[in-house]
Asks: 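Attaching a single structure in structure tokens format; questions to follow.
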Amino acid sequence: MEREEFLSLYRHSIAHVLAKAVIELYGKEVQYAIGPQIEDGCYYDFVIPKAVTTDDFKAIEDKMREILRRKEDWTCKEISRADALELFKDQKFKTELIRDLPEDEKLTIYYTGDDYVDLCRGPHVTNSQDLLNVAFQVKSVSSAYWRGDEKRDSLQRIYLYVFPSKDELKAHLKWIQEALERDHKKIGPAQDLFMFQETAPGMAYWLPRGWKMYQELLRYSREIQDRHNYEEISAPLINNKKLWLISGHWAHYVNNMFLVPGVTEGTEATDSMMVGEKNYSIETPDTMAAKPMNCPNAMMAYKRTVHSYKELPIRYSEFDVIHRKEKSGQMNGLFRVQEFRQDDDHTFVTEEQIKDEILDIISIADEIYKTFGVTYRAEFSTRPDDFMGDIEVWNKAEAALKEILDQKYGEGGYEINEGDGAFYGPKIDLQIKDALGREWQCGTVQLDFQLPHNFELTYQDKDGSMKEPVVIHRAIFGSLERFIGILTEHFKGAYPFWMCPYQVALVPIREEHNEYAHKVADKLQAAGIRVEADCTDANMKEKIKKFKMYKDPFIVVMGDKEAAENTVSINVRGSNKQIQNVPLDRFVEECVKMNKERTLDLPEAID
RNA sequence: GCUAGAGUAGCGCAGUCGGUAGCGCAACUGAUUCGUAAUCAGUAGGUCGAGGGUUCAAGUCCCUUCUCUAGCUCCA
């Protein structure tokens, strides 16, 4: 049997055992919904009269083991729709599932023993005995909405780890443990890169070391964008409500925006407005809002003057700070924050230019991701039901995107999410995994037919007629914050040389070697290398320990010998060996080269 | 927002049955001047996330609230 099938069979069967255990523990009034397998096990969704907590995990596991030891037979039966409805008449979720299946669908049910039955396609084991060697453990409990809809029932979801053997379960738990050590929320503050503080939830403080890295990423982004003829702008961080009314954000996004209420003395709050079912009455004519996106300002920058078709594409990039208010419980370290910068761009193109422009964007993405050695997965999201604009334009745009994706990743080399595009246009998202295997959207390329329309943007075409440009929104890092979070976990805090806050750390052995240390520091600095030195009277082991903690790529120790011979002794990050007797000039040269080439790995030797 | 968990010195943690808050590292002072990840000695550091309640007495029990973590939903 293939491993996949094996896992599926066992994990899915264990889910049934979990449901049976929960019912035996908490009574017949338990409502059980669905229990699929997932990457590291399975889960099952329930309505349980009591809240399940970590204290209950052991009881659940024990009950499951007890059930397995009964060695009950699993029997499968085909059943009519009517009989199924009768059988599950007390189970509201099962009833809904049955009703949603096509009339002629053959229904199967599985009995585990004779007192537990579940609606299920199967297949399953034939006797609980087959599951006795399977290793499982309750992982966690969380709330989950029935059918993923927050307006419907809130269920208790119990997650299990399930593996074919104890060893594999153990290995998996160890992997999780190691992943936690890569956690950027631990590494970041430990290396003095960034921190969070209660008075500004979801908004990072960038500390001196982290800010150096941040600036380095910006520098890299600018370097590439210059090469591709992007022009950088910067625009107001807060804008009057009028702008958001035009862009549509007030109607579609106001719940995610930080408002700056009007405070002009004597101004009546006359301008109340219904958004959904909420009445915003605090507004005055001078109500402002922090920008959650850069697009409206970019539209205004374009609109300041008339444009000829000869000017297009026009690429306005910007790195301004944006704010998005999130519901509590949604924040997650740097992965999900309320204040961040994107490597954002709005490109204004003619319809004919869409394809070439997107090819160029993808080539930029490939270049950038390759520099970091991270891999990504592309997702294509197409026209949703509530789309706006001309369906012909949509079709053309989707066809163009699809052609690019097929060409680039091959058919089936990317995921298609039908109907998942934005109401204003289709999009391509680039997803990257974190240490725990969770995927985060980083890069995004979105076509927009709506904003140019709302802002009445035009260009004058060859024949003298005024036409509407298409806007491409794109970001490669996505948000700098999220990307740095991803990189931190990817590199476990040992970043590539070129982006490290400090690239070389200097350790003079005794105070009399400080003079030589200053000379080395000056030389490196003059060559554009970020260098830090510890010229205190601490002993060298302490100095080395501190710089190891910061994961500086090169720790250079210098004593009598080095000062006399004008050389350096290099302790390379990740290795206990030293590279000795390297002439100072040769070392500087090597550092400059690594910066220029943005080398991923550190050298084992410097000849 | 929902479910569960967590919050004690800068960091990592201990604190039993409710009885005056402790350890290690880091910091500071002094000694040590050292060849590749923890030299020695001393000193200082806390409104126990915040607010309220119970009690003679609360880090500990109860309520409210904030922040963080995992997951759900939503998103870059």
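Heavy atoms only: backbone and side chains are in, while hydrogens, waters and symmetry mates are out. We name chains A, B, ... by the order of the sequence lines, and we start the count at 1 in each one. What you see is a predicted model, and the numbers here were worked out from it, not measured in a lab.
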Asks: What's the closest nucleotide to the side chain of S569(A) if the choices are rU36(B), rA4(B), rA26(B)?
Replies: rU36(B)
Asks: From CZ of F554(A) over to C1' of rU36(B), roughly how many Å is that when rounded to an integer?
Replies: 16 Å
Asks: Are the aromatic ring centres of F372(A) and H490(A) under 6.0 angstrom apart?
Replies: no
Asks: When you measure from the side chain of R482(A), which nucleotide among rU67(B), rA76(B), rG35(B) comes out closest?
Replies: rA76(B)
Asks: Taking the minimum atom-to-atom distance to the side chain of A51(A), which one of rU39(B), rA4(B), rA76(B) wins?
Replies: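 Shortest atom-to-atom distance from the side chain points to rA4(B).
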Asks: To the nearest Å, give me how far apart CG (N255(A)) and C1' (rC75(B)) are.
Replies: 14 Å
Asks: Report which part of the nucleic acid N332(A) touches: base, sugar-phosphate, or nothing (heavy-atom distance under 4.0 Å, all strands).
Replies: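 Answer is sugar-phosphate: N332(A) comes under 4.0 Å of backbone atoms only.
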Asks: For residues L160(A) and F57(A), determine if any side-chain heavy atom of one lies less than 4.5 Å from a side-chain heavy atom of the other.
Replies: no
Asks: Please answer whether rG71(B) and Y159(A) are stacked, defined here as ring centres separated by less than 5.5 Å and planes angled under 30°.
Replies: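 Stacking is absent between rG71(B) and Y159(A), given that the ring centres and planes do not meet under 5.5 Å and under 30°.
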Asks: Given the C1' atoms of rU73(B) and rU60(B), what is the spacing between them in whole Å?
Replies: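 Here rU73(B) and rU60(B) have their C1' atoms 36 Å from each other.
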Asks: Kindly point out which of rA4(B), rG35(B), rA37(B) is positioned nearest to the side chain of K561(A)?
Replies: rG35(B)
Asks: Is the F163(A) ring parallel, tilted or perpendicular to the H172(A) ring (thresholds 30°, 60°)?
Replies: tilted
Asks: Per the atom types in the model, does the base of rG71(B) pair as donor or acceptor with the side chain of Q330(A) at under 3.5 Å?
Replies: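 Counting by modelled atom types and ignoring angles, no donor-acceptor contact under 3.5 Å is found here.
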Asks: Is any N or O donor-acceptor pair between the side chain of R147(A) and the base of rC72(B) shorter than 3.5 Å?
Replies: no
Asks: Tell me whether the centres of the aromatic rings in Y424(A) and H473(A) are closer together than 6.0 Å.
Replies: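 Close enough - the centres of the two rings lie under 6.0 Å apart.
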Asks: Tell me which nucleotide among rC75(B), rU33(B), rG35(B) gets nearest to the side chain of E511(A).
Replies: rU33(B)
Asks: Determine the contact category for E562(A): base if any of its heavy atoms lies under 4.0 Å from a base atom, sugar-phosphate if only primed atoms, P, OP1 or OP2 are that close, otherwise nothing.
Replies: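 Result for E562(A) = base.
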Asks: Of the options rU32(B), rA26(B), rA4(B), whose atoms approach the side-chain atoms of T53(A) most closely?
Replies: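 Among the listed nucleotides, the one closest to the side chain of T53(A) is rA4(B).
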Asks: Would you indicate which nucleotide in rU36(B), rA76(B), rU67(B) comes nearest to any side-chain atom of E198(A)?
Replies: rU67(B)
Asks: Considering only rG5(B), rA76(B), rC74(B), which nucleotide approaches the side chain of F340(A) most closely?
Replies: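 Among rG5(B), rA76(B), rC74(B), the one nearest the side chain of F340(A) is rA76(B).
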Asks: What is the distance from CD1 of I509(A) to P of rA37(B), rounded to the nearest Å?
Replies: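 So the CD1-P distance, I509(A) to rA37(B), works out to 12 Å.
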Asks: To the nearest Å, give me how far apart CD1 (I555(A)) and P (rA37(B)) are.
Replies: 9 Å
Asks: Nearest to the side chain of N539(A), which nucleotide is it out of rC34(B), rG35(B), rA70(B)?
Replies: rC34(B)
Asks: For the side chain of S142(A), counting heavy atoms from C-beta on, which of rC68(B), rU36(B), rG71(B) is nearest?
Replies: rG71(B)
Asks: Describe the nucleic acid contact of Q197(A) in one word from base, sugar-phosphate, nothing, applying a heavy-atom distance below 4.0 Å.
Replies: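 No contact at all - Q197(A) keeps every heavy atom at 4.0 Å or more from the nucleic acid.
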Asks: Nearest 0.5 Å, please: how far is CG in L193(A) from CD1 in I187(A)?
Replies: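 Those atoms lie 9.0 Å apart.
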